[in-house]
Amino acid sequence: MGASWLPIIFFSLIWFVVGGIIPFMIPKNPNRGVLQVVLMLTGASCWLFWLCCYMAQMNPLIGPILPQKTLFAIHQYWNGWDD
Amino acid sequence: MLSETNVDTGAANTIPMSDLRNGSSARNGSAQTINNRSYSSSGQSCFSNMCSFGGNAVLFRSEPMSRCQLILQSEAAYNCIAELGELGLVQFVDLNPEVSSFQRKFVSEVKRCEEMERKMRYIQKEAMRDELPIHEPDENPPAPAPREMTELETSLSHLEKDLSDVTTNYVALKKNQQDLLEMKNLLSKADAFLSESSLQIADSAGDEETRNTDDAQLIDVRTDEGFSSMKFNITAGVIERSKMNSFERILWRVSKGNVFVRFSDIEDESAHGALLDKSVFMIFYQGEALKARVKKICEGYHAVVYPCPEKASERREMKYGVNTRLEDMKTVLNETEIHRRRLLETGARNLRLWFTKIRKIKAIYHCLNLFSFDVTQKALVAECWMPEHDIQVIQEALQRGADASGSTIPPILNSVAYVDEMPPTFNRLNKYTSGFQSLVDAYGVNSYREVNPAVYTIATFPFLFAVMFGDVGHGLIVLLAGIWMVMQENKLEKTAEKSEIFGIFFGGRYIILLMGLFSIYTGFIYNDIFSKSMNIFGSHWNYNETFQFPLKMEDSLMLDPGNRGQYQFTPYVFGVDPAWQSATNKITFLNGYKMKISLIFGLIHMVFGITLSLWNKVIKRSYADIFLEFIPQLYFIVAIFCYLIFMIMFKWVSYYADNATQDTNVWSEHCAPNLLITFINMMLFKAADPDPKLVAICQGKETYMYGGQYYIQVFLVISGVLMVPIMLFGKPIHTIMGKRLIDFRDLLFVADWFQFTCWLCHMLFGKPIHTIMGKRLIDFRDLLFVVELAQSLTYLFFPLPLGRRARRRNYEPMADNLLDAEEGPARDGDTDASVEIRNGQPGGRSAPVSSGHGGGEDSFSEIMIYQGIHTIEYVLGSVSHTASYLRLWALSLAHSQLSEVLWSMVMNIPLSTSNPFVAVPMLYVIFSFWAVCSVGILVVMEGLSAFLHTLRLHWVEFQS
């Protein structure tokens, strides 16, 4: 399994706060219900959107095909992680 | 301003369509003006009321309405209606639909208003012709008292009369002046013509000699007599320049060449307009016969003939006279002009105010036309719908109206207990939600108390838009546009009223704002900013091998996802890895990814829509619908399509590439099955045939992802398909059963019949079967006893009269329910049945509630047909809708491709130029081109198309 749990927990938490906690902190006013629904839907759909993107890349079956020059540039400039 | 009321005016319901123009336009006026006004002025009060009554769920479903009867003193009625109009919370019902609009009580007043409006339109037209600015007042005048109407009427008719007099005078004077100018020109030209005429005639006569050789006799005569002694007739006048040629030709032909014509264009500096296109002509000829002909031709050509004395002195005198008259004319014209302007200015200053006032009066009288008189003719009786929460406010308004009119008897407001009509839909809106509500209402207004999809649309609409429009840069532009419109709200409101297209954008400013926000988010996920990517969290792909120098662009290499040196084995934290941006197989990757997410989101959206319909059914307490419609529908879509989502996610999570364990791993990338083929096999109940080469490594994982997948799939498909007959026959059978079961006599009949059958069976087969079966299972005598017991219990608890009453009470709501439930699905179809119930809706859906309660037997076939249509629609729809959500995929791919193409075709040119002196100015020019294209094509056009597609997804896929 190619998932690292930290980002999953982090982003799930963020969207849980948006969709699950903030809606209950809205002060009482006539539009409270609407705001709650909007926030919940936003939280749910944005989280799922992120999750789908994450899952789709979790276990790549193909890799990006890159030209040599680009590879060199990646090697030179990004060189971010060493295994 | 703060609260917008959206009373579904139900104009069609209350007004017969065969209305006179007066009535219907007045009706429209009433709904619009009064409501419009209430946005700005009384909106404040509305809002405060809303707060005080708030706290309950707004917008989720339409407000509870109550039908009220209103009894008004006839003196107070006008003022009361004016107050109610300012509130905009009441919808009146036509109490005399049988009376034609011509015969109603207040038709004359409505007609007077129409007349005044006509006058004002005339004044407005005149003012616009003179390019006078029409004053736009900010204040909102209250509806004027009836007394004021008469005053207004007189002042308007005075103004109109004055204006039309002045205008006719002015036109006449203008014409006169033009004639004089023409004459003046003619006289000055005549001098020139006559002084050179002798010479000219000689020349032209010479020409004629050569040209008209066959006309010898005439020439002879001329030469004999000589020119000096000839006496010419002269006709002079003015003709339009375009007719000049043919005029000359005709003259020539008619006179057989015996006419001499001179033309000269009018070149007066003071001349303008029509005068410039005219020419002065002068015709010389001989004889009376020709004179008559020339005169006729002049008439035919609409040439104006002026007297032209031959003597120079006379002409001079005449010219002098004309000049003096012209001077006088000028003064008179100036005076008239000033007077007219003054009149128009008075008009233009008050025009808008008057328009508002008169529209209000018209609306009030139109409402009064809907009322009926009570027997004593002292009071007006009205029936109306109003939101239950606002009855207090309405009563206050009525009291205010009564006070204003000085009436001593307060208006009476009674609620009417039972009406067999669908109440109108009323959603309380504010400026944030109104845009979304109008999006939903454009497709169809939901019935009374139904779940209002607009609430959910607030989040889902911008989200689906953003799925297609995902790009941080473009999203930012949209967001900024939205923010700008929201910030400048008050200023832009005026502009929005004038320009229709801007008005549309302005109305959707909060939608645009949210669309921008969501687009930025999806843009981050797609990692697209103007088709470029950002490497914020560090790409998880790398390449650490040594390079072969010199590097060649053509040599490309696929990074190996199974190689730990090249892939980190965890995905990029947020969004698509930036390494994909410049990959040549980017599209392959994005294709699969975007298609899958669009399927996932589409299906979830659809399931969500179906689930919302559950609430409608719960509210209506039609549990049969829940079990016979909602659950089969939901199960069908979940079993067949949501299973696809499960497979997609399963594949994402479970199959992976790792070079270390490649040969032994059953989950390796070679084993990943093709989902499309799996899905097709599932539908066809076909067992997959494994590839013999792969079996060794994958051990079956290349065809089935988990154990027993084949059987689970077969079960899902069969049980899903089994839902179709339930959807198809469930409700019709239930209806029949329901009707029969509720009819207790029928129940008794069934019981009797059953008892008889049992008895018969008992007589015939009882003994043999009893012998055969032994005493094991069924003893028919026992059964008989049970039936008898049931029968007696039925008689005991439900005596016949009660049963009959129960039947009457239950039957009708039943039929109502049935038809109500039908109306939901039938809405997007073009079935007529829905029209009958939806008479609470505006526009065309105005047939009375009648046939719904008709005979039970023939309605069964109808029900069956609707159910059939509905089921087929649903089953096919769920397939086509699922496919339809693929537009999310197509559009988002198209959008990202388009922006990439734009970048590579346009911006790459200066960026890849090596000479800085060329590149910098080129960049300067090309950047502006790129920016214009980005905004124009990608943001506006693509945005519109994405908007339309989202709209469709909401209207068709979600709301059905």
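Proteins get letters first, then strands, A, B, ... in listed order; numbering begins at 1 in each. Note that the structure is a prediction, hence the values are computed from the model and not measured.
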Inset, instruction - Check whether any side-chain heavy atom of B:Lys651 lies under 4.5 Å from a side-chain heavy atom of A:Leu61, and answer yes or no. - result: yes

Inset, instruction - Using atom types as modelled and distance alone, determine if a side-chain donor or acceptor of B:Asn585 lies under 3.5 Å from a backbone N or O of A:Gly63. - result: yes

Inset, instruction - Check the angle between the aromatic planes of A:Phe49 and B:Tyr521 and answer parallel, tilted or perpendicular using the 30° and 60° thresholds. - result: tilted

Inset, instruction - Under 4.5 Å heavy-atom distance to chain B, tell me which part of A:Leu48 shows up: side chain, backbone, both or neither. - result: both

Legend entry - Residue part contacting chain A, namely of B:Ile604, when any heavy atom lies under 4.5 Å: side chain

Legend entry - B:Phe646 CZ: over 12 foreign heavy atoms closer than 6.0 Å: yes

Legend entry - Winner by heavy-atom pair count (cut-off under 4.5 Å) against chain A, out of B:Phe589, B:Phe524, B:Phe574, B:Tyr572: B:Phe574

Legend entry - Atom group of B:Ile597 that falls short of 4.5 Å from chain A, counting heavy atoms: side chain

Inset, instruction - Measure the OG-CZ distance between A:Ser45 and B:Phe601 for me, rounded to the nearest 0.5 Å. - result: 6.5 Å

Legend entry - A:Leu51 atom CG, neighbour heavy-atom count above 12 within 6.0 Å: yes

Legend entry - Side chain to side chain, B:Trp652 and A:Asn59, heavy atoms closer than 4.5 Å: no

Legend entry - Any A:Leu41 side-chain heavy atom under 4.5 Å of B:Phe463 side chain: no

Legend entry - Separation of A:Cys53 SG from B:Lys594 NZ (nearest 0.5 Å): 10.0 Å

Inset, instruction - Check whether A:Phe11 gets within reach of chain B through its side chain, its backbone, both or neither, counting any heavy atom under 4.5 Å. - result: side chain

Inset, instruction - Can you measure from CG (A:Leu66) to CH2 (B:Trp541) and round to the nearest 0.5 angstrom? - result: 9.5 Å

Inset, instruction - Give a yes or no on whether the backbone of B:Val573 and the side-chain of A:Gln57 come within a donor-acceptor separation of less than 3.5 Å. - result: no

Inset, instruction - Verify, without hydrogens or angle tests, whether B:Thr584 (side chain) and A:Ile65 (backbone) share a donor-acceptor contact under 3.5 angstrom. - result: yes

Legend entry - Residue pair B:Ala579 / A:Pro64: nearest heavy atoms and the distance that separates them: O-CB, 4.1 Å

Legend entry - Side-chain heavy-atom pair A:Cys52, B:Ile600 within 4.5 angstrom cut-off: yes

